[in-house]
Undergrad: 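Quick one: the structure is below, and I'll ask about it shortly.
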Amino acid sequence: MKTQVAIIGAGPSGLLLGQLLAKQGISNVILDRVSGDYVLGRIRAGILEQGFVDLVREAGVADRMDREGHVHEGVELSINNERFRIDLKELTGGNTVVCYGQVEITRDLMDARQAANLPTYYETEKVALHDVKSEQPYVTFIYQGEEYRMDCDYIAGCDGFHGVSRQTIPAELRTEHERVYPFGWLGLMADVPPCNHELIYAMSDRGFALASQRSLTRSRYYLQVPLTDKVEDWSDERFWDELKKRLPADVAATMQTGPSIEKSIAPLRSFVCEPMQYGNLFLVGDAAHIVPPTGAKGLNLAASDVATLYKIMQRVYKEGDKSCIEQYSEIALRRVWNGERFSWWMTNMMHDFGNEFTGDGMTPLMHKRFMQSELNYFLSSENGRKVIAEQYVGLPYEDLK
Ligand code: RFL
Ligand code: PHB
């Protein structure tokens, strides 16, 4: 088989890129190693930046998001019981974020792809990338017991952190930067109304908590937990008890609880692979970078990679200009590093690092005091809140040269 762009991975990056390319008449085939249902079972992000929303509209898949997504004009951060509202709209001159689940976006993109009859192969095995430095790269894989070869012009590696695409770049040509945090996030989904109309990122002496939501009737909450904890250690009752102790008291007092419909623990990591490109292979989204979820940046950084690659592909196929492909890694990485820095900073300020040695000679308690002081300063000053607001809504996408 033959296509112009082979896309590895049917997560949000791969599906969004595929939809945008197809709209421009650029052929693409998507491969994933798991089933569509499995992809939809992974509950992840909930906050979309304006850039992401615009891209979904451009892909023609925004109807349900525009109907059911909730625009959030602000976000709250709390230190123990003290609440600080960051007015995103006012502080950024009109920018907001949209609360709409990653699962829903993925479902909308999958449905649109199916309706347009665009080729997607789920449950493939042994996906391998070949000759990516040459003008004739190709991908081999096994589907329903048969071996296939797919010839293409370009390969988009949208296959997440554990995918094969990144490993295709020779180890001596890539630099991987990584920080694994000494705690995870335990997430719980429940069909109860959210405790607040906006998200609350809460720092407390007992550790971090996040009150998020999916709709007016579905809440998503997270607790910082030790990496050694297992989901089985956390009954629903224990989760709600602990959450109430970490959220501001007035919120906890009126919060509705109920049985969980999902509970899972995610490790926290900062990770960047440089470069994000090798010949005609481009890494997109989690395949190239991971952020801790504290800044809500993971999916949004994936979207800005997609936007950059989409512009490049349009120029290649519409204007016949192949030289622009060299710009991909540089443009994508500039925005990635910014999102990484913001996510790392938010994580540092809002979590309890316990007795972890900070590596620069200070005691853990001194580190904690610095972080508390930093958070206090940023939240108490309008300029500080402005800095957080500007980053939270997301920086503008960069154009090609
Ligand atoms: P994905 O979603 O991991 O999809 C990659 C796909 O590639 C497939 N694959 C392969 N296919 C073929 N061959 C192989 N060898 C393959 N190996 C893997 C996989 O099966 C999969 O289907 O990456 P993508 O598309 O780049 O999307 C990235 C986002 O999923 C991720 O950045 C966000 O979920 C991160 N994230 C958040 N991002 C935000 O912007 N805002 C948020 O509020 C937010 N909250 C979160 C999050 C991530 C979380 N977890 C669990 C990591 C909250 C959590 C708890
Ligand atoms: C979520 O709703 O899952 C969510 C929201 C904001 C974050 C992380 C996760 O920063």
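Note that ligands are numbered from 1 as they come in the structure, with each ligand's atoms numbered from 1 the same way. Being a predicted model, the structure only gives us computed values, none of them experimental. Heavy atoms only: backbone and side chains are in, while hydrogens, waters and symmetry mates are out.
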Undergrad: Provide, to 0.1 Å, the distance between atom 11 (N) of ligand 1 and the closest protein heavy atom, together with that atom's residue and name.
TA: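 Checking every protein heavy atom, the shortest distance to atom 11 (N) of ligand 1 gives R33 N, 3.3 Å.
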Undergrad: Looking at T294, which atoms of ligand 2 are within less than 4.0 Å of one of its heavy atoms?
TA: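 Answer, ordered by atom number: 10 (O).
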Undergrad: Just distances here: any N/O of D32 and N/O of ligand 1 closer than 3.5 Å?
TA: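 Indeed, backbone or side chain, D32 has an N or O that close.
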Undergrad: Please list, in number order, the atoms of ligand 1 under 4.0 Å from a heavy atom of G163.
TA: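 Answer, ordered by atom number: 17 (N).
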Undergrad: I need the L223 CG to L188 CG distance, nearest 0.5 Å.
TA: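 Here the interatomic distance stands at 8.5 Å.
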Undergrad: Applying a strict 4.0 Å limit to heavy atoms, is Y222 in contact with ligand 1?
TA: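 Y222 counts as a contact of ligand 1 under the 4.0 Å cut-off.
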Undergrad: Out of W185, Y221, Y100, Y222, who gets a non-hydrogen atom closest to atom 4 (C) of ligand 2?
TA: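 That would be Y222.
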Undergrad: Under 4.0 Å from any heavy atom of A266, which atoms of ligand 1 are there?
TA: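 Answer, ordered by atom number: 51 (C).
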Undergrad: Is the shortest distance from a Lys or Arg side-chain nitrogen in R149 or D151 to a carboxylate oxygen in the other one below 4.0 Å?
TA: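 A salt bridge is present here (some side-chain N lies under 4.0 Å from a carboxylate O).
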Undergrad: Looking only at distances, please establish whether an N/O atom of ligand 1 is found under 3.5 Å from an N/O atom of L299.
TA: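 Checking ligand 1 against L299, an N or O pair does fall under 3.5 Å apart.
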Undergrad: Can D352 and R206 be counted as an ion pair, charged N to O under 4.0 angstrom?
TA: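 No, this pair does not count.
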Undergrad: Under 3.5 Å between some N or O of ligand 2 and some N or O of R44?
TA: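 Yes; at least one N/O pair falls below 3.5 Å.
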Undergrad: For ligand 1, is there an N or O atom under 3.5 Å from any N or O atom of A296?
TA: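 Yes, A296 has an N/O under 3.5 Å of an N/O on ligand 1.
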Undergrad: Tell me the protein heavy atom at minimum distance from atom 27 (O) of ligand 1, and give that distance in Å.
TA: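 For this ligand atom, the closest protein heavy atom is P12 CG, 3.5 Å.
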Undergrad: Can you tell me if R42 has a non-hydrogen atom under 4.0 Å from ligand 1?
TA: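 Distance cut 4.0 Å: R42 passes for ligand 1.
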Undergrad: Are R341 and W344 in a cation-pi setup, meaning NZ or CZ lies under 6.0 angstrom from the ring centre and within 45 degrees of the ring axis?
TA: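 Relative to the ring axis of W344, which defines the angle, R341 lies outside at least one limit.
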Undergrad: Which atoms of ligand 2 have any heavy atom of L199 under 4.0 Å away?
TA: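 Counting atoms of ligand 2 from 1, those under 4.0 Å from L199 are 5 (C), 6 (C).
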Undergrad: Heavy-atom contacts with G285 under 4.0 Å: which atoms of ligand 1 show up? List them by number with element.
TA: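 Near G285, the atoms of ligand 1 are 26 (O).
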Undergrad: For V34, counting its heavy atoms only, list the atoms of ligand 1 lying under 4.0 Å from any of them.
TA: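 Under 4.0 Å from V34, ligand 1 has these atoms: 20 (O).
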Undergrad: Could you tell me whether I43 approaches ligand 2 through its side chain, its backbone, both or neither, with non-hydrogen atoms closer than 4.0 Å?
TA: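 I43 to ligand 2: no contact under 4.0 Å from either part.
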Undergrad: Looking at I325 and Q277, what are the two nearest heavy atoms and their distance?
TA: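 So the minimum-distance heavy-atom pair works out to O-NE2, 2.6 Å.
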Undergrad: What protein heavy atom sits nearest atom 42 (C) of ligand 1, and how far off is it?
TA: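 Closest protein heavy atom to atom 42 (C) of ligand 1: A45 CB, 3.1 Å.
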Undergrad: Hey, does the Lys NZ or Arg CZ of R315 hover above the aromatic six-ring of Y317, less than 6.0 Å from the centre and inside 45° of the axis?
TA: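 No, R315 does not sit over the ring of Y317.
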Undergrad: Evaluate salt bridge (Lys or Arg N to Asp or Glu O under 4.0 Å) for R57 paired with D66, printing each intermediate quantity in order.
TA: CA-CA 9 Å; R57 289 195 184 130; D66 284 337; 2.9 Å; yes
Undergrad: Would you mind checking which non-hydrogen protein atom is closest to atom 31 (C) of ligand 1, with the distance to 0.1 Å?
TA: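 Here the closest protein heavy atom is D286 OD2, 3.3 Å.
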Undergrad: Flag Y201 as yes when one of its N or O atoms lies below 3.5 Å from any N or O atom of ligand 2, and as no otherwise.
TA: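 Y201 vs ligand 2: N/O contact under 3.5 Å present.
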Undergrad: Can you list the ligand 2 atoms lying under 4.0 Å from a non-hydrogen atom of A296?
TA: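 By the 4.0 Å cutoff, the relevant atoms are 6 (C), 7 (C), 10 (O).
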Undergrad: Taking only Lys NZ, Arg NE, NH1 and NH2, and the carboxylate oxygens of Asp or Glu, determine whether R220 and E262 approach each other closer than 4.0 Å.
TA: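 Counted as a salt bridge, because a side-chain N and a carboxylate O are separated by less than 4.0 Å.
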Undergrad: Please determine whether a side-chain nitrogen of the Lys or Arg among E356 and R179 lies less than 4.0 Å from a carboxylate oxygen of the Asp or Glu.
TA: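 Yes.
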Undergrad: So if I count the atoms of ligand 1 from 1 in the order they appear, which ones are less than 4.0 Å from some heavy atom of V39?
TA: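 Contacts of ligand 1 toward V39, numbered from 1: 22 (O).
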Undergrad: Between Q167, H289, H162, Q102, flag the one that comes closest to atom 30 (O) of ligand 1 by a heavy atom.
TA: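 Comparing heavy atoms across Q167, H289, H162, Q102, the nearest one to atom 30 (O) of ligand 1 lies in Q102.
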Undergrad: Are any of the side-chain nitrogens in E178 or R269 under 4.0 Å away from the carboxylate oxygens of its partner?
TA: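 Counted as a salt bridge, because a side-chain N and a carboxylate O are separated by less than 4.0 Å.
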Undergrad: Quick one: does C158 get a heavy atom under 4.0 Å from ligand 1?
TA: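 Yes; C158 lies near enough to ligand 1 that a heavy-atom distance drops under 4.0 Å.
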Undergrad: Consider ring-ring contact (aromatic ring centres under 6.0 Å, His included). Of Y221, Y201, Y222, which one does W185 pass it with?
TA: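 Only one of Y221, Y201, Y222 forms a ring-ring contact (aromatic ring centres under 6.0 Å, His included) with W185, namely Y222.
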Undergrad: Give me the nearest non-hydrogen protein atom to atom 4 (O) of ligand 1 as residue plus atom name, then the distance to 0.1 Å.
TA: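 The closest heavy atom on the protein side is G11 CA, 3.6 Å.
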Undergrad: Which residue and non-hydrogen atom of the protein lie closest to atom 5 (C) of ligand 2, and at what distance in Å?
TA: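 I find the closest protein heavy atom is S212 OG, 3.6 Å.
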Undergrad: Regarding K126 and the six-membered ring of Y143, is the cationic atom NZ or CZ under 6.0 Å from the ring centre and inside 45° of its axis?
TA: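 The answer is no; the distance or angle limit is not met.
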Undergrad: Do E242 and K244 meet the salt-bridge criterion of a basic N to acidic O distance under 4.0 Å?
TA: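 Not counted as a salt bridge, because no side-chain N and carboxylate O are separated by less than 4.0 Å.
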Undergrad: Among E49, R44, R269, which one has a heavy atom closest to atom 1 (P) of ligand 1?
TA: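 When every heavy atom of E49, R44, R269 is considered, R44 comes closest to atom 1 (P) of ligand 1.
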Undergrad: Is there any N or O on R220 that sits under 3.5 Å from an N or O of ligand 1?
TA: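 Between R220 and ligand 1 (N or O atoms, distance only) the closest approach is not under 3.5 Å.
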Undergrad: Pull out every atom of ligand 1 sitting under 4.0 Å from any heavy atom of G298, numbered as shown with elements.
TA: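 With G298 as reference, the close atoms of ligand 1 come out as 32 (O), 35 (C), 38 (N), 39 (C), 40 (O).
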Undergrad: Applying ring pair (Phe, Tyr, Trp, His ring centres under 6.0 Å), run through F353 and H367 and close with a yes or a no.
TA: CA-CA 9 Å; F353 282 72; H367 179 258; 5.7 Å; yes
Undergrad: Could you find the nearest protein heavy atom to atom 7 (O) of ligand 1 and give me its residue, atom name and distance?
TA: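 The closest one turns out to be D159 CA, 3.2 Å.
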Undergrad: Please give me the minimum heavy-atom distance between V284 and S13, naming the atom from each residue.
TA: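 That would be CG1-CB, 3.9 Å.
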Undergrad: Note the single closest protein heavy atom to atom 8 (C) of ligand 2, along with its residue, its atom name and the distance in Å.
TA: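 For atom 8 (C) of ligand 2, the nearest protein heavy atom is P293 O, 3.4 Å.
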Undergrad: With heavy-atom distances below 4.0 Å as the criterion, list the atoms of ligand 1 near G46.
TA: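 Counting from 1, the qualifying ligand atoms are 42 (C), 43 (O).
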Undergrad: Give me the residue, atom name and distance of the protein heavy atom closest to atom 15 (N) of ligand 1.
TA: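 Going atom by atom, the protein heavy atom closest to atom 15 (N) of ligand 1 ends up being V164 CG1, 3.7 Å.
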Undergrad: Can you tell which of R214, R218, R44, R64 makes a salt bridge (Lys or Arg N to Asp or Glu O under 4.0 Å) with E104?
TA: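 Result: among R214, R218, R44, R64, R64 is the only option passing the salt bridge (Lys or Arg N to Asp or Glu O under 4.0 Å) with E104.
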Undergrad: Could you walk me through whether H351 and F183 satisfy the ring pair (Phe, Tyr, Trp, His ring centres under 6.0 Å) test, starting with their C-alpha distance in whole Å, then the side-chain angles of each, then the deciding distance to 0.1 Å, before giving a yes or no?
TA: CA-CA 9 Å; H351 290 74; F183 40 73; 4.7 Å; yes
Undergrad: As a check for students: among K297, M346, R214, identify the option with a heavy atom nearest to atom 1 (C) of ligand 2.
TA: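 Going through K297, M346, R214 one by one, R214 has the nearest heavy atom to atom 1 (C) of ligand 2.
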Undergrad: For ligand 1, which atoms have a heavy atom of N300 less than 4.0 angstrom away?
TA: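 Going through ligand 1 atom by atom, the ones under 4.0 Å from N300 are 40 (O).
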Undergrad: Please name the pair of heavy atoms, one in A303 and one in L55, separated by the smallest distance, quoted to 0.1 Å.
TA: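 Where A303 meets L55 most closely, the heavy atoms are O-CD2, 3.3 Å.
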Undergrad: Which residue and non-hydrogen atom of the protein lie closest to atom 24 (P) of ligand 1, and at what distance in Å?
TA: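 Protein heavy atom at minimum distance: S13 OG, 3.2 Å.
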Undergrad: Look at R85 together with E198 and state whether they make a salt bridge at an N to O cut-off of under 4.0 Å.
TA: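 Here R85 pairs with E198 in a salt bridge, since their nearest N and O are under 4.0 Å apart.
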Undergrad: State whether the shortest distance between N or O atoms of A287 and N or O atoms of ligand 1 falls below 3.5 angstrom.
TA: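 By distance alone, the answer is no.
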Undergrad: Does the ring of F161 carry R166 above it, NZ/CZ under 6.0 angstrom from centre and within 45° of its axis?
TA: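 Because its charged atom sits under 6.0 Å from the ring centre and within 45° of the axis, R166 does stack over F161.
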